[in-house]
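Here is the structure we will look at.
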Amino acid sequence: EAGVVQSPRYKIIEKKQPVAFWCNPISGHNTLYWYLQNLGQGPELLIRYENEEAVDDSQLPKDRFSAERLKGVDSTLKIQPAELGDSAVYLCASSPRGVGNNEQFFGPGTRLTVL
Amino acid sequence: SQQGEEDPQALSIQEGENATMNCSYKTSINNLQWYRQNSGRGLVHLILIRSNEREKHSGRLRVTLDTSKKSSSLLITASRAADTASYFCATDARNTDKLIFGTGTRLQVFP
């Protein structure tokens, strides 16, 4: 069974440029998460989808971040424009249903460097 | 914001020794989970313990939970060099419906 796939694995951009990350969750997993992980810290939730609905985006900086999961399968996270402080690892995870009793399955992440 | 704090922040041991990591959290939980993250990789789920459980085992892993003290510990017995990684606790806090990760413990196991 394929795991969570993310691309690209690494991205280097200059500040004020746009950037997009893509995630394909494990087949059949209804719930998809985007996390931000700063160096030396644990992941912090940005947004959670149940199928195509964003059910928790309270931590997503909506002035520059956006996300979509149009068909309830793969998802894209976008930053426009990127700032120096956005340099971090962006992790995608999925689970068969919402949190509570289920483990989350993580992708390898996209390491973003903003110069 | 991160609910959990792991202690110690970093731990170095020799192969064969046991490693103990602790996690403290702030609010009532439904369950607590432990994850491992190898350098440059995503997180891997290790074990889940529910709020009504006190201890759980999985292979060389032993997890305890003390809800009165809002703390958990992860014990890795007979450690191996391959156990070198960062370990995170994550709480499924009541009334938030989200998983909140701690700050992690970086474990180094020397062969």
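Just so it is clear: chains get the letters A, B, ... in the order the sequence lines come, proteins before strands, and each one is counted from 1.
By the neighbour-count criterion of 12 heavy atoms within 6.0 Å, atom CD of B:Glu17 is densely surrounded, having more than that number from other residues, nucleotides or ligands. In the displayed structure, A:Leu39 atom CG is contacted under 6.0 Å by at most 12 heavy atoms of other residues, nucleotides or ligands. Around NZ of A:Lys62, the count of heavy atoms belonging to other residues, nucleotides or ligands within 6.0 Å exceeds 12. Heavy atoms from other residues, nucleotides or ligands lying under 6.0 Å from NZ of A:Lys11 number 12 at most. In B:Arg80, the CZ atom is not crowded: 12 or fewer heavy atoms of neighbouring residues, nucleotides or ligands sit closer than 6.0 Å. The number of heavy atoms from other shown groups lying within 6.0 Å of CD (A:Glu14) does not exceed 12.
Side-chain contact check for A:Gln41 versus B:Phe88: every heavy-atom pair is 4.5 Å or farther apart. Contact check for A:Gln104 versus B:Tyr35: side-chain heavy atoms found under the 4.5 Å cut-off.
Listed in order of number, the residues of residues 37-46 of chain B that approach chain A to under 4.5 Å between heavy atoms are B:Gln37, B:Gly40, B:Arg41, B:Gly42, B:Leu43, B:His45.
Residue A:Val114 is grouped with residue A:Leu60 when hydrophobic side chains (ILVMFWY) are merged at heavy-atom distances under 4.5 angstrom, including chains of intermediate members. Under the 4.5 Å side-chain heavy-atom criterion for Ile, Leu, Val, Met, Phe, Trp and Tyr, A:Trp34 and A:Leu45 are members of distinct hydrophobic clusters.
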| Passes side-chain contact (heavy atoms from CB on, under 4.5 Å), B:Lys98 versus A:Asp56? Steps please. | CA-CA 9 Å; B:Lys98 64 177 67 174; A:Asp56 184 355; 3.0 Å; yes
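With a threshold of 4.5 angstrom between heavy atoms, A:Gln6 does not approach chain B through any atom at all.
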